[in-house]
Trainee: 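One structure, pasted below without further comment.
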There are 2 protein chains.
Amino acid sequence: MKSKNAAKNSLSRDALVERALAIVDAEGFEALTVRKVADAFGVTPMALYWHFANKEALLAAVGDAVVSQIRLPDDELPLEDYLREAMTSLIDAMRAHPSASTLVAQQLMYGENGLDLTEGFLDKLALAGFDVERSAAVAHYTMQISLTLVSREPGAEIGVKPEEREVVLAAKRALIEALPEDRYPRLRAAADAMIECGNSDEYYADGIAIFVAGVMADAKTISQA
Amino acid sequence: MKSKNAAKNSLSRDALVERALAIVDAEGFEALTVRKVADAFGVTPMALYWHFANKEALLAAVGDAVVSQIRLPDDELPLEDYLREAMTSLIDAMRAHPSASTLVAQQLMYGENGLDLTEGFLDKLALAGFDVERSAAVAHYTMQISLTLVSREPGAEIGVKPEEREVVLAAKRALIEALPEDRYPRLRAAADAMIECGNSDEYYADGIAIFVAGVMADAKTISQA
DNA sequence: ACCTGAACACCGTTCAAGT
DNA sequence: ACCTGAACACCGTTCAAGT
């Protein structure tokens, strides 16, 4: 007799999502096609439509899978530390799947797991003294900016296959180096830093520091008013 | 004799880019196809390939066209005001074409107009006392975060046609209102603010204020070190 | 319940050919 | 120099049918 869970050749939502995410990671978001996922399971493209209403639903599930990796910090932490750790957690989850950033952004506040995440974050902000509007705004800024830092990390070149990446970066470097020194001195001097992140950890630490400092400074202004 | 510039029925890069941008604005980024642009000019899809190497080149030109609308503030302004005005300028340009955000992000630092923009920004930061790495980082953060504020504005729902937009927002609202009150009290309370920006201008002003305050606070820390 | 097969209306892009 | 026409290899998705 066949087991529902151990069926070897049968598809499952989870298996399909896992495979789809692997394709996005390896070949970029645009490389993900229904047919390619089906092929990976030796199955007809139409087989996926039993498990997902359409491609969009599959993409949503992929985004949600990444969101499920995000953990919020300890509630007891002071707000400043909490914000820093929350951003770090978001960023770490995204760095594992940089090409999925668009999908994650869409699921971050409304997906299965995103709802829990957002609720927890809003709760912390409310307890820290923010009113409803401010909590919503800060939660939104924090999550979206964290994603941006990853998806736009210099040199990440998301949506580009690993092999093409080096070529694209070389082209950018060549572009800047071909610029006239008298008209573009700053760009030429900053070429290294702009094209590829020499130190990714520093890049993220700085981005987080700036944003957290901004929220705290702004919060102080408001509480004084 | 025919004029190169006034030819009525002939295609031109500028005209094609303008039309492509109009399609993106009206129907969303995903609705932009080579065939649709060609149809708008009563011409074969292949006609575009004389003016652009491929679709990617057309998209790049569209992004660059939006970037060309961005003006940097007066150099003489104090850094804090300069940053605020630069972000405002970026945001205003993007708000006119929210569905083009992906294209703009790609051209913002490397496109025809993006190079001038970046050079000017880097120059200001250098004169304000930032070293090369810091200038590059702050320029990067500022520009990318400005774009994010627009492309992820609550309720913007980019990549969705105007007609579908209302439906999508209604669905999100229904989703949140269907959530159990005991488990998602914060989300339910914040539903209005999270789903659609009640006051867009305030949303942008707050986002800018937070980021600028962060950069200034961080700059102070560094200069003290 | 779960998957196949054939078909449809789309894509971007090639190549050779026209004018 | 600038555009057409036909063709190719892809897409996501439908519908009816199989087991």
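Reminder, nothing fancy here: chain letters follow the sequence lines and each chain counts from 1.
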Trainee: Can you list the residues that meet the side chain to side chain donor-acceptor pair (under 3.5 Å) rule with B:D14, with sequence neighbours excluded?
Mentor: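 If we apply the side chain to side chain donor-acceptor pair (under 3.5 Å) test to B:D14, skipping adjacent residues, there are no hits.
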
Trainee: Tell me, which pairs form a salt bridge (Lys or Arg N to Asp or Glu O under 4.0 Å) where one or both residues lie in residues 132-151 of chain B, sequence neighbours left out?
Mentor: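 The answer is A:D206-B:R134, B:R134-B:D218.
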
Trainee: Between atom CG in B:L16 and atom P in D:dC2, what is the gap in whole Å?
Mentor: 12 Å

Trainee: D:dT14 P sits how many Å from A:L48 CG, rounded?
Mentor: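 The answer, rounded to whole Å, is 13 Å.
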
Trainee: Between the protein and nucleotides 9-13 of chain D, list every N/O to N/O distance that falls short of 3.5 Å.
Mentor:
unit_1	atom_1	unit_2	atom_2	d
D:dG12	OP1	A:V34	N	3.1
D:dG12	OP1	A:K55	NZ	3.0
D:dG12	OP2	A:V34	N	3.3
D:dG12	N7	A:R35	NH1	2.4
D:dT13	OP2	A:Y49	OH	2.6
D:dT13	OP2	A:K55	N	2.8
D:dT13	O5'	A:Y49	OH	3.4

Trainee: Taking atom C1' of C:dG18 as reference, at what distance in whole Å does atom CH2 of B:W50 sit?
Mentor: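 After rounding, the gap between these two atoms is 14 Å.
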
Trainee: Which residue pairs satisfy the ring pair (Phe, Tyr, Trp, His ring centres under 6.0 Å) criterion with at least one member in residues 140-169 of chain B, sequence neighbours excluded?
Mentor: A:Y203-B:H140, A:Y203-B:Y141

Trainee: Think B:H51 has a side-chain N or O under 4.0 angstrom from the OP1 or OP2 of D:dC3?
Mentor: yes

Trainee: Looking at B:S68 and B:A65, would you say the former's side chain and the latter's main chain have a donor-acceptor pair under 3.5 Å?
Mentor: yes

Trainee: Determine all donor-acceptor pairs shorter than 3.5 Å in which one atom belongs to a side chain in residues 184-200 of chain A; sequence neighbours excluded.
Mentor:
unit_1	atom_1	unit_2	atom_2	d
A:Y184	OH	B:D116	OD1	2.5
A:R186	NE	B:D123	OD1	2.7
A:R186	NH2	B:D123	OD1	3.1
A:R188	NE	A:E181	OE1	2.7
A:R188	NH1	A:E177	O	2.9
A:R188	NH1	A:L179	O	2.7
A:D192	OD1	A:R173	NH1	2.9
A:E196	OE2	A:R165	NH2	3.4
A:N199	OD1	A:D201	N	3.2
A:N199	OD1	A:E202	N	3.1
A:N199	ND2	A:E202	OE1	3.4
A:S200	OG	A:E153	OE2	2.7

Trainee: Which pairs would a plain distance check flag for residues 34-47 of chain A, meaning a side-chain donor or acceptor within less than 3.5 Å of a matching protein atom at least two apart in sequence or in another chain?
Mentor:
unit_1	atom_1	unit_2	atom_2	d
A:K36	NZ	A:E27	OE1	2.9
A:K36	NZ	A:A31	O	3.2

Trainee: Given a 3.5 Å cut-off on both pairing distances, which stems involving DNA chain D, each at least three consecutive Watson-Crick or G-U pairs, are present, if any?
Mentor: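 Consecutive-pair runs (3 or more) involving DNA chain D: C:4-8 with D:12-16, C:12-16 with D:4-8.
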
Trainee: Just to verify, what does B:R84 make a salt bridge (charged side-chain N to carboxylate O under 4.0 Å, His left out) with, not counting sequence neighbours?
Mentor: B:E80, B:D81

Trainee: With A:K55, which residues qualify under side chain to side chain donor-acceptor pair (under 3.5 Å), at least two apart?
Mentor: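 A:K55 satisfies side chain to side chain donor-acceptor pair (under 3.5 Å) with no residue once adjacent residues are dropped.
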
